[in-house]
Peer 1: 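Before I ask anything, let me first share the structure, which is written out below as structure tokens.
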Amino acid sequence: MAKRDFYEVLGAARGASADELKKAYRSKAKELHPDRNSDNPKAEEQFKEVNAAYEVLKDAEKKAAYDRYGHAAFEGGMGGPRGGQPGANGDFASAFSDVFEDLFGDFMGGQRGGGGRSRAQRGSDLRYNLRVTLEEAFAGIQKTINVPASVACESCRGSGAEGGAEPVTCPTCSGMGKVRAQQGFFTVERTCPTCNGMGQTIKNPCKKCAGAGRVEQDRALSVNIPAGVETGTRIRLAGEGEAGLRGGPSGDLYIFIEVREHAIFQRDGTHLFCRVPVTMATAALGGEVEVPTIDGGKSRVKVPGGSQTGKQMRLRSKGMPALRGGGVGDMLIELAVETPVNLTSKQKELLREFEKLSEDNNPEGQTFFSKVRTFWDGMKG
């Protein structure tokens, strides 16, 4: 039986480019794949025919021979530029591997086109933990940080080759970054052991970076800390991470903020809490107390008469600013009434007199203090 024209088998025109042939082959291979045509007994033979055609036309030398001599280029002992009959098990397995990679490569994270893995690799992202005070988080600040990271080697300009020379195509994998080993009907692909999957090798590695294209170095970076940050806030500095391999793009630097605890204020979102001590006289009679604010100033707060420990008062817009706008929080003041200590004889006398007057002014009987004294006297008896 006469063989069909290879271009006809693929459904491609003569003179089609390599990309057009590859596109036509993939379309036919998917259409005729035996797994998709279990009810068509001819599908497997047609699939093999498509693979045999593409094995010839995808190779520049074989294609040139076929265009000139047709099928005769591979028959009658002629053997073609590389010898062997197209469509044999080895070529079929290679073609089948191409189909498998095309069908499933995207799901497995593989990179196609241009001969395997990308030669240039993006650098890793870095993390830097930065501690700031509550005052700095309130006002915002510009800080300089020192970040140890891999940076592009100046000697080889990131290429990894001595004198900045360009890497050469790996002779083992021909720039594919992977090699194939036939195991029966199938062909197994492995990372090229010579170039470690890069597709390129360096004849004369840079002495400064040993061919890596980058070196370890501390860098001083200026970071703008916006007002309103809190613990857990993340700031991204694009391109300030580790340098990429073989001239690849740099990664990013992520700065994680931690706000130190404050001696006076406690923070809850944009609100601040502050516990303020007041004298017993001020709490009883009323008055004013002076309280510190986060901006470094002071505010006077009126204390109503008869205030008890735990009473809260609010100072509007004296809290923390919102990180992305939206106003300023409040400051909540909680009173803590102080009991006087180390009293003089005169102070004790006045307090006893105050207690007696309190009993006289209580028409229903004893005050709380008198009840306590009576209780203890009864316990002693």
Side-chain angles (χ1 to χ4, degrees), residues 124-149 219-242 250-339:
S124 301
D125 293 335
L126 296 178
R127 171 174 177 151
Y128 186 92
N129 297 327
L130 179 61
R131 300 186 71 188
V132 298
T133 65
L134 188 62
E135 288 84 356
E136 290 172 339
F138 168 78
I141 191 172
Q142 194 85 13
K143 275 187 172 289
T144 299
I145 60 175
N146 290 315
V147 181
R219 291 179 298 154
L221 297 175
S222 180
V223 184
N224 179 39
I225 310 299
V229 295
E230 54 187 314
T231 297
T233 298
R234 188 181 71 173
I235 300 173
R236 173 175 171 263
L237 298 183
E240 296 295 349
E242 285 197 336
S250 299
D252 299 332
L253 173 64
Y254 290 91
I255 299 174
F256 286 78
I257 301 297
E258 179 187 352
V259 181
R260 296 190 182 100
E261 291 187 3
H262 200 274
I264 299 176
F265 301 107
Q266 292 81 47
R267 182 179 183 178
D268 183 10
T270 59
H271 298 313
L272 293 177
F273 292 84
C274 179
R275 189 174 175 88
V276 178
V278 294
T279 65
M280 187 173 65
T282 301
L285 302 176
E288 286 188 350
V289 291
E290 193 173 64
V291 296
T293 53
I294 190 62
D295 59 3
K298 293 182 179 180
S299 294
R300 297 194 67 82
V301 180
K302 289 186 177 182
V303 178
S307 295
Q308 304 295 320
T309 292
K311 180 178 178 58
Q312 288 190 347
M313 293 172 289
R314 184 183 296 266
L315 288 179
R316 299 286 181 184
S317 300
K318 288 295 184 179
M320 298 291 292
L323 179 58
R324 294 177 179 84
V328 180
D330 301 331
M331 178 176 165
L332 298 174
I333 300 169
E334 183 177 292
L335 299 182
V337 180
E338 293 184 322
T339 301

Peer 1: Could you tell me the separation between the CD atom of Gln266 and the NE2 atom of His271, rounded to the nearest 0.5 Å?
Peer 2: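 The CD atom of Gln266 sits 14.5 Å away from the NE2 atom of His271.
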
Peer 1: For the residue pair Phe138 and Ala227, what are the closest heavy atoms and their distance?
Peer 2: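 Result for this residue pair: O-CB, 3.3 Å.
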
Peer 1: Would you say CD of Gln142 has more than 12 non-hydrogen atoms from neighbouring residues, nucleotides or ligands within 6.0 angstrom?
Peer 2: yes

Peer 1: Which value, rounded to the nearest 0.5 Å, describes the distance between Phe273 atom CZ and Asp268 atom CG?
Peer 2: 5.5 Å

Peer 1: Show me the side-chain donor-acceptor pairs of residues 294-306 shorter than 3.5 Å, one per line, residues at least two apart or across chains.
Peer 2:
unit_1	atom_1	unit_2	atom_2	d
Asp295	OD1	Thr293	OG1	2.5
Asp295	OD1	Gly297	N	3.0
Arg300	NE	Glu288	OE1	2.9

Peer 1: Answer with yes or no whether the side chains of Asn129 and Arg127 bring together a donor and an acceptor at under 3.5 Å.
Peer 2: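 Per modelled atom types, Arg127 and Asn129 side chains form a pair under 3.5 Å.
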
Peer 1: Measure the OG1-NE2 distance between Thr133 and His262 for me, rounded to the nearest 0.5 Å.
Peer 2: 7.5 Å

Peer 1: Any chance you could measure Leu335, atom CG, to Thr282, atom OG1, to the nearest 0.5 Å?
Peer 2: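 Between atom CG of Leu335 and atom OG1 of Thr282 there are 10.0 Å.
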
Peer 1: Testing the basics here: between Thr144 and Ala220, what is the closest heavy-atom pair and its distance to 0.1 Å?
Peer 2: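 Minimum heavy-atom separation between Thr144 and Ala220: CG2-CB, 4.2 Å.
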
Peer 1: Quick one: does Arg267's side chain get under 4.5 Å of Val259's, heavy atoms only?
Peer 2: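 They are in contact (side-chain heavy atoms under 4.5 Å apart), so the answer is yes.
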
Peer 1: Taking all non-hydrogen atoms of both residues, which atom of Glu338 and which atom of Pro277 are closest, and how far apart?
Peer 2: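 Taking Glu338 first and Pro277 second, the nearest heavy atoms are OE2-CB, 3.4 Å.
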
Peer 1: Would you check if Val132 and Lys143 make a side-chain contact, meaning some heavy-atom pair closer than 4.5 Å?
Peer 2: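 Yes, side chains in contact.
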
Peer 1: Could you measure the distance from the OG1 atom of Thr233 to the CD1 atom of Ile257? Nearest 0.5 Å is fine.
Peer 2: 6.5 Å

Peer 1: Can you give me the closest heavy-atom contact between Val278 and Ala283, atom names plus distance?
Peer 2: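 Shortest heavy-atom contact: CG2-CB, 4.2 Å.
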
Peer 1: Would you check if the side chain of Thr309 reaches a backbone N or O of Val337 as a donor-acceptor pair within less than 3.5 Å?
Peer 2: yes

Peer 1: Glu334 vs Leu332, test: side-chain contact (heavy atoms from CB on, under 4.5 Å). Steps then yes/no.
Peer 2: CA-CA 7 Å; Glu334 183 177 292; Leu332 298 174; over 6 Å; no

Peer 1: Which one of Leu323, Leu130, Ile141, Ile255 satisfies the side-chain contact (heavy atoms from CB on, under 4.5 Å) criterion with Val229?
Peer 2: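 Among Leu323, Leu130, Ile141, Ile255, the one that satisfies the side-chain contact (heavy atoms from CB on, under 4.5 Å) with Val229 is Leu323.
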
Peer 1: Name all residues meeting the salt bridge (Lys or Arg N to Asp or Glu O under 4.0 Å) criterion together with Glu135; count only those two or more places apart in sequence or in a different chain, and write none if there are none.
Peer 2: none

Peer 1: Where is the tightest heavy-atom contact between Gly239 and Ser250, given as atom of each residue plus distance?
Peer 2: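 Residues Gly239 and Ser250, closest heavy atoms: O-CB, 3.6 Å.
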
Peer 1: Is there side-chain contact between Leu272 and Cys274, with at least one heavy-atom pair below 4.5 Å?
Peer 2: no

Peer 1: Judged by atom type as modelled, is there a donor-acceptor pair below 3.5 Å linking the side chain of Asp330 to the main-chain atoms of Ser317?
Peer 2: yes

Peer 1: Which heavy-atom pair separates Ile235 from Pro226 by the least distance, and what is that distance?
Peer 2: CD1-CD, 4.0 Å

Peer 1: For the side-chain contact (heavy atoms from CB on, under 4.5 Å) test, which of Arg236, Glu240, Glu242 pairs with Asp252?
Peer 2: Arg236

Peer 1: Let me confirm one number: the CG-OH distance from Leu237 to Tyr128, rounded to the nearest 0.5 Å.
Peer 2: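 It comes to 11.5 Å.
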
